[in-house]
A.B. asks: 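Have a look at this one before I ask anything.
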There are 2 protein chains.
Amino acid sequence: MVGQLAADSIERRSGVSLWRQIADKILHAIAIGDFAENAALPPEVALAERYGVNRHTVRSAIAALVQEGVLRAEQGRGTFVLSRKRLSYPIGARTRFSAGLQGQALERHTVLLASSVEPASHRVAEGLGLARGTDVIRLETRGEADGRPVSRAAGWFEARRFAGIDAAMVETGSITASLARFGIDDYLRQSTMLSARHADAADLADLDLQPGAIVLVTVAVNVTPDGQPIQFSESRFPAERVELKLSAL
Amino acid sequence: MVGQLAADSIERRSGVSLWRQIADKILHAIAIGDFAENAALPPEVALAERYGVNRHTVRSAIAALVQEGVLRAEQGRGTFVLSRKRLSYPIGARTRFSAGLQGQALERHTVLLASSVEPASHRVAEGLGLARGTDVIRLETRGEADGRPVSRAAGWFEARRFAGIDAAMVETGSITASLARFGIDDYLRQSTMLSARHADAADLADLDLQPGAIVLVTVAVNVTPDGQPIQFSESRFPAERVELKLSAL
DNA sequence: ACAGATTTGTACGTATGTATA
DNA sequence: GTATACATACGTACAAATCTG
């Protein structure tokens, strides 16, 4: 189905490039409901013919919309409208993955992607209050809600104190539960730095994103209630699927 | 100056597209210091000849790097390496523009871009605890640090209570100082929602960004110490120039 | 102030590669 | 295997913005 993608109002030498006009037409068509979420757009050649432009001009328009997070293009399959609903991920004094998404997703869990022991880099050492080069365990995890990846995190823990936390993570599927095995019943978020950037290749793969997607990046230190640093973490959230709700920290 | 942009290792039919290989070459050249911040890259035609590819292939590589926030292309002038230093903007219980950037920029100020009176939209009314449609004053401001735009914000205030706040803003150049004229000596951040997206046309113009740039978006409500909502705001920060530091909220 | 050169942006055309159905 | 659909790469031409003499 093609809907109301009329070619009439495409104007040459109007000061607005053709590809931008076509991108705006597609946006409008989506806005008025001509294309539902996850619906396929007509193929590039069909759109090109419809608008009376070259296929490359349509490609420029689609590329812009992919980049803006509106469409997803899949080689050999087609171009699809992305879903726009976002989860609201709370960040505060007690930031917990599963508890935070309660009520927003039926099923939440964390999977361990990789783990390793490595010498602490400068920023990890500083965050954990260790000497640079001290052995730390790195856990790479992915958070999923209702089957969709919503976060990708690297967490660093002092290796001597938390030996075996990787195994605990595999068993329990939860950082909080794993820490409990080491006698950590409670922990607090000490500091959080927040930035945003385009997803890199690893983000694209692990979070199932399209090139050009944006990730929100938090760098945080978790401490015990008496202020002892236990975890340094860097988390990436796909901006198209998650927004962050900052609460009392 | 062209530096070490050698063409030798560009490989066809290697499984990695030519434009990506060239983009990585340019990234590497920047990383090893062949191009300083703000330095101009060789023109597209020169790069194309150097690598033995078509100009469009170089353009694809440059487009990717512009999109990743590494380069800035200016029609008629050239393509330049972007600066990578970021300001750290604190967000917490007492979030103040100028005070927050103290020590990071010599000169900070806020300019009023526009102001208007309008009926409160659903989300503004909800944030301020007003009936929908109540008149509110909207102030559009831009924050600058050392001459560079670092934020663009829309703030909404109940029109009846804060009549003339636009004039106060022009005079004082500060939201905090303007609120003081209405007897608000202190105010706190009640809630903050955080997301990220690509900059729209207005962001590009007001923040002096390139298409494809990312903005961090905060939506917040400020309240008096006794909990009365006084300001609803939506702020946009260019992610390439600003990161957010979350503190006690 | 103007003309010409330089440099990026847009738009077209054509061919071939790669992934999916 | 064939057809479809997006991806890459080449080529050409001209427009628009900027810089230079």
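Atoms considered below: every heavy atom in the structure, side chains included; atoms not considered: hydrogens, waters and symmetry mates. Naming: A, B, ... by sequence-line order, numbering from 1 per chain.
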A.B. asks: Can you find an N or O donor on one side and an acceptor on the other, under 3.5 Å apart, linking the side chain of A:R20 with the base of C:dG9?
C.D. replies: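 No pair found.
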
A.B. asks: To the nearest Å, how far apart are A:E44 CD and C:dC12 C1'?
C.D. replies: 16 Å

A.B. asks: According to side chain to side chain contact (heavy atoms under 4.5 Å, CB included), who are the partners of B:I30, at least two apart in sequence or on a separate chain?
C.D. replies: B:I26, B:F35, B:V70, B:L71, B:V81

A.B. asks: With sequence neighbours excluded, what pairs up with B:T176 under the side chain to side chain donor-acceptor pair (under 3.5 Å) test?
C.D. replies: B:Y187

A.B. asks: Using a cut-off of strictly less than 4.0 Å between a heavy atom of the residue and any atom of DNA chain C, enumerate the qualifying residues of residues 198-213 of chain B by number.
C.D. replies: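 The answer is none.
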
A.B. asks: Between B:H56 and A:H56, do the side chains contain an N or O donor and an N or O acceptor separated by less than 3.5 Å?
C.D. replies: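 Side-chain D/A pair, B:H56 to A:H56: absent.
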
A.B. asks: Taking only heavy atoms on the protein side, list every residue of residues 57-81 of chain A lying under 4.0 Å from any atom of DNA chain C, sorted numerically.
C.D. replies: A:T57, A:Q75, A:G76, A:R77

A.B. asks: Closer than 4.0 angstrom, basic N to acidic O: yes or no for A:R86 and A:E240?
C.D. replies: no

A.B. asks: Could you check how far CZ of B:R13 sits from C1' of C:dT16, rounded to whole Å?
C.D. replies: 10 Å

A.B. asks: Can you check the B:L41 CG to C:dT6 C1' distance for me, whole Å?
C.D. replies: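 Checked: the CG to C1' distance equals 16 Å.
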
A.B. asks: Please identify each residue that fulfils side chain to side chain contact (heavy atoms under 4.5 Å, CB included) with A:P43, with sequence neighbours left out.
C.D. replies: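 With sequence neighbours excluded, A:P43 shows a side chain to side chain contact (heavy atoms under 4.5 Å, CB included) to A:V45, A:A46, given in chain and number order.
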
A.B. asks: Judged by each residue's nearest nucleotide on DNA chain C, which is more toward the 5′ side, B:P43 or A:N54?
C.D. replies: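 Per heavy-atom nearest nucleotide, the more 5' residue is B:P43.
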
A.B. asks: Can you establish whether the number of heavy atoms outside A:R96 located under 6.0 Å from its atom CZ is more than 12?
C.D. replies: yes

A.B. asks: Report yes or no: do B:H109 and B:E144 form a side-chain donor-acceptor pair below 3.5 Å?
C.D. replies: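 Present: a donor and an acceptor within the cut-off.
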
A.B. asks: Send over the distance from A:Q21 CD to C:dT10 P, rounded to a whole Å.
C.D. replies: 12 Å

A.B. asks: Looking at residues at least two apart in the chain, or sitting in another chain, which of them share a side chain to side chain contact (heavy atoms under 4.5 Å, CB included) with A:S60?
C.D. replies: A:W19

A.B. asks: What residues, two or more places apart in sequence or in another chain, satisfy side chain to side chain donor-acceptor pair (under 3.5 Å) together with B:T172?
C.D. replies: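 Side chain to side chain donor-acceptor pair (under 3.5 Å) check on B:T172 returns B:S178.
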
A.B. asks: If the helix axis at each end comes from five base pairs, how far does the helix from C:dC2-D:dG21 to C:dA21-D:dT2 deviate from straight, to 10°?
C.D. replies: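 For the helix from C:dC2-D:dG21 to C:dA21-D:dT2, the axes at opposite ends meet at about 10°.
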
A.B. asks: List for me each residue that meets side chain to side chain donor-acceptor pair (under 3.5 Å) alongside B:D203, sequence neighbours excluded, and say none if there are none.
C.D. replies: B:R152, B:R197

A.B. asks: Between atom CD1 in A:I10 and atom P in C:dA11, what is the gap in whole Å?
C.D. replies: 10 Å

A.B. asks: Which residues pass the salt bridge (charged side-chain N to carboxylate O under 4.0 Å, His left out) test with A:R108, not counting sequence neighbours?
C.D. replies: none

A.B. asks: What is the first contacted nucleotide of DNA chain D and what is the last, in 5' to 3' order, if contact means an atom lying under 4.0 angstrom from a heavy atom of chain A?
C.D. replies: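 Contact boundaries, 5' end first: D:dA5 to D:dA9.
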
A.B. asks: So what does B:V53 touch, heavy atoms closer than 4.0 Å: a base, only the sugar-phosphate, or nothing?
C.D. replies: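 Sugar-phosphate, backbone atoms only, no base.
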
A.B. asks: Would you call A:K85 and A:E37 a salt bridge, using N to O less than 4.0 angstrom?
C.D. replies: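 Here A:K85 pairs with A:E37 in a salt bridge, since their nearest N and O are under 4.0 Å apart.
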
A.B. asks: B:R138: which residues meet the salt bridge (charged side-chain N to carboxylate O under 4.0 Å, His left out) condition with it, sequence neighbours left out?
C.D. replies: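 Partners of B:R138 under the salt bridge (charged side-chain N to carboxylate O under 4.0 Å, His left out) test: B:E118, B:E140.
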
A.B. asks: Taking B:E243 first and then B:K245, would you say they form a salt bridge - that is, a charged N and a carboxylate O separated by under 4.0 Å?
C.D. replies: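 Salt bridge: no.
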
A.B. asks: Could you check whether B:R12 gets within reach of a base, just the sugar-phosphate, or nothing at all, counting any heavy atom under 4.0 Å?
C.D. replies: sugar-phosphate

